[in-house]
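Quick note: residue numbers are just sequence positions, from 1.
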Amino acid sequence: MNIQSSINKEVFIPRDERMLVAVEVKRRQRKRMSFLPTGAKGNYTTFICVSVTNTRPHQLLITKVKQFAGSSTFTRRSQWRVEQLRQVNGINPNKDSPEFDLVFDSTVDQWVASSSAEKCIFVQILYHACQTYWEGKAGTLGKPGKLGKAGSQGKVSQGAHHEVRAGPSGSSPTSASKTLQARRKSYVPPKQTEFINCQSKLTGDACTMNLVIYRCKAFLNRMKNMVIANQTHSHGHGKATLPNSGQRVKGSMGNVVHRVNVALGERGDRLTRAEDKTVELMHKAQQFADTAHKLALKYSK
């Protein structure tokens, strides 16, 4: 189970919500120290998640989730409704970059994603989720039963009063219709989230193909980081075994050197096989990304 599935299962499903996307982030500018407990040495990983409620009327939510060092569980810290999200700033509209800002009613968060591809996936899904949410909101508020329910009851009583005084006439339905239209015109919808400095391919029509391409790039970046981490760990472990083996073996210096060489040779073989497998996976993923890009160009014409 990957991290996103774990966050969804542990944080959102128990609250009857469904997570759409999550991105691992770090702050670009440090804030003052918080008085909240932060675990050992204050180390933690932060995720910004977008979720939607399963109950109607649906709510689109942005949630900050943290995982503290030494813990396998996830903790929900802050949550905002999309109505409180005033602006999403992509920082650079001309190239992929990991930086982005989220501007809420009461705070501004400046983030750096783990990679530019992860940030692009997050912004793209958030943009289209906002579009779907606001379109649904506008359709619901445009219905007469939702907008003028309280006022229509008063109009019925007023119409009955006019009938008692002046008898039946055709002016009551017209007056009620004009009043309802006036109420609709006077209604001011909430301000929608503004997306600025975001690449047009994140908010364009070819969103599905672009999303596939960014997912491939994110996969390649994760594989690269995994290989680097494994190499660092293996080299460090190999260096540590030299003095330990020298202490354990009480034979001649030749036996010590031989055993160390064998151990290092075995580790080298494992690393070589892992690197070959990684290169093969990266090659296949690159071919898939190229094919998806050609399809995107073909259907965009």
Side-chain angles (χ1 to χ4, degrees), residues 1-15 17-31 34 36 38-39 42-53 58-69 71-92 96-134 192-199 202-203 207 210-211 214-215 217-219 221-222 225:
M1 182 180 294
N2 58 25
I3 293 180
Q4 295 203 18
S5 299
S6 300
I7 295 175
N8 186 39
K9 182 178 179 181
E10 186 173 337
V11 178
F12 295 101
I13 291 180
R15 300 176 64 87
E17 299 174 17
R18 177 170 57 90
M19 192 184 74
L20 302 180
V21 67
V23 60
E24 181 181 342
V25 295
K26 293 182 180 179
R27 291 195 181 276
R28 291 209 312 275
Q29 294 182 358
R30 286 187 173 274
K31 289 188 174 182
S34 172
L36 296 174
T38 57
N43 295 326
Y44 55 82
T45 305
T46 304
F47 300 89
I48 301 297
C49 309
V50 179
S51 65
V52 62
T53 58
H58 297 300
Q59 291 291 325
L60 188 61
L61 305 169
I62 296 89
T63 307
K64 184 189 300 181
V65 175
K66 292 187 177 181
Q67 183 182 34
F68 295 101
S71 174
S72 60
T73 60
F74 299 92
T75 304
R76 186 176 71 96
R77 280 304 190 190
S78 306
Q79 189 173 68
W80 299 270
R81 293 178 291 106
V82 72
E83 288 85 355
Q84 298 173 288
L85 179 61
R86 296 303 180 193
Q87 187 182 91
V88 177
N89 189 343
I91 306 300
N92 194 331
D96 295 343
S97 64
E99 296 88 4
F100 67 98
D101 294 346
L102 297 179
V103 181
F104 298 95
D105 286 337
S106 57
T107 185
V108 177
D109 286 334
Q110 297 179 325
W111 299 111
V112 178
S114 56
S115 69
S116 58
E118 299 280 359
K119 171 242 183 166
C120 290
I121 293 173
F122 175 80
V123 171
Q124 187 172 7
I125 293 179
L126 176 59
Y127 173 80
H128 289 284
C130 288
Q131 294 295 309
T132 303
Y133 176 80
W134 289 117
Q192 299 185 16
T193 304
E194 182 184 15
F195 286 76
I196 65 171
N197 296 326
C198 295
Q199 295 170 288
L202 301 181
T203 57
C207 59
N210 289 328
L211 191 59
Y214 282 123
R215 288 192 185 278
K217 290 182 178 180
F219 171 76
N221 184 73
R222 285 194 293 267
N225 293 336

Q: So V82 and C130, side chain to side chain contact (heavy atoms under 4.5 Å, CB included) or not? Walk me through it.
A: CA-CA 8 Å; V82 72; C130 288; 3.7 Å; yes
Q: Between CZ of F100 and SG of C198, what distance do you get to the nearest 0.5 Å?
A: 10.5 Å
Q: Are the side chain of Q84 and the backbone of R81 linked by a donor-acceptor contact shorter than 3.5 Å?
A: yes
Q: Would the distance check show the side chain of E10 and the main-chain N or O of F74 forming a donor-acceptor pair, the cut-off being under 3.5 Å?
A: yes
Q: In Å, rounded to the nearest 0.5 Å, how long is the span from OH of Y127 to CZ of F195?
A: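 If I round to the nearest 0.5 Å, the distance is 7.5 Å.
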Q: Taking the side chain as everything from C-beta on, heavy atoms only, tell me whether Q79 gets closer than 4.5 Å to I62.
A: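 Of all side-chain heavy-atom pairs linking I62 with Q79, none is under 4.5 Å.
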Q: Quick one, I125 and V50 - any side-chain contact, counting heavy atoms below 4.5 Å?
A: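 The answer is no, as the side chains (C-beta and beyond) never meet within the 4.5 Å cut-off.
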Q: Could you check whether any side-chain heavy atom of E17 comes within less than 4.5 Å of a side-chain heavy atom of L61, counting everything from C-beta outward?
A: yes
Q: Between R28 (side chain only) and W111 (backbone N and O only), is there a donor and an acceptor less than 3.5 Å apart?
A: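 Yes: the side chain of R28 pairs with the backbone of W111.
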Q: Please confirm whether the backbone N or O of M19 pairs with a side-chain atom of N8, one donor and one acceptor, at under 3.5 Å?
A: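 Side chain of N8 to backbone of M19, a donor-acceptor pair under 3.5 Å: yes, one is there.
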Q: Flag the pair V108 / L102 as yes when at least one side-chain heavy-atom distance between them is below 4.5 Å, and no otherwise.
A: no
Q: Output the distance between atom CG (N197) and atom OG (S97), rounded to the nearest 0.5 Å.
A: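 Answer rounded to 0.5 Å: 9.5 Å.
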Q: If you round to the nearest 0.5 Å, how far is CH2 of W80 from CZ of R86?
A: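 Rounded to the nearest 0.5 Å, the CZ-CH2 separation comes out at 14.0 Å.
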Q: Given side chains that start at C-beta, do those of L202 and C120 come closer than 4.5 Å, heavy atoms only?
A: yes
Q: Take T73 and F68 through the test side chain to side chain contact (heavy atoms under 4.5 Å, CB included) and record every step on the way to the result.
A: CA-CA 8 Å; T73 60; F68 295 101; over 6 Å; no
Q: Once you round to the nearest 0.5 Å, how far does OG of S51 lie from CD1 of I7?
A: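 The CD1 atom of I7 is 11.5 Å from OG of S51, to the nearest 0.5 Å.
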Q: Measuring only between side-chain heavy atoms, which start at C-beta, is S115 closer than 4.5 Å to P98?
A: no
Q: Is any side-chain heavy atom of I121 closer than 4.5 Å to one of V23?
A: no
Q: Below 4.5 Å, heavy atoms only, C-beta onward: do T75 and Y44 meet side chain to side chain?
A: no
Q: If we ignore hydrogens and angles and just use 3.5 Å, is the side chain of Q4 paired with the main-chain N or O of A22 as donor and acceptor?
A: yes
Q: Calculate, to the nearest 0.5 Å, the distance between atoms CG and OG1 belonging to L85 and T193 respectively.
A: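 Taking CG in L85 and OG1 in T193, the distance rounds to 4.0 Å.
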Q: Do E83 and Y133 have a side chain donor and acceptor closer than 3.5 Å?
A: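 Note: E83 and Y133 side chains meet the donor-acceptor criterion.
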Q: What is the minimum heavy-atom distance between K64 and D109, and which atoms define it?
A: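 Heavy atoms of K64 and D109 come nearest at NZ-OD2, 4.2 Å.
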Q: Report yes or no: do T53 and Q59 form a side-chain donor-acceptor pair below 3.5 Å?
A: no
Q: F122 and side-chain contact (heavy atoms from CB on, under 4.5 Å): which single residue from V88, V25, V21 fits?
A: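 Of all the options given, the one that passes is V21.
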Q: Could you go through the side chain to side chain contact (heavy atoms under 4.5 Å, CB included) check for R76 and K66 one step at a time?
A: CA-CA 7 Å; R76 186 176 71 96; K66 292 187 177 181; over 6 Å; no
Q: Under a 4.0 Å N-O cut-off, is there an ion pair linking D96 with K119?
A: no
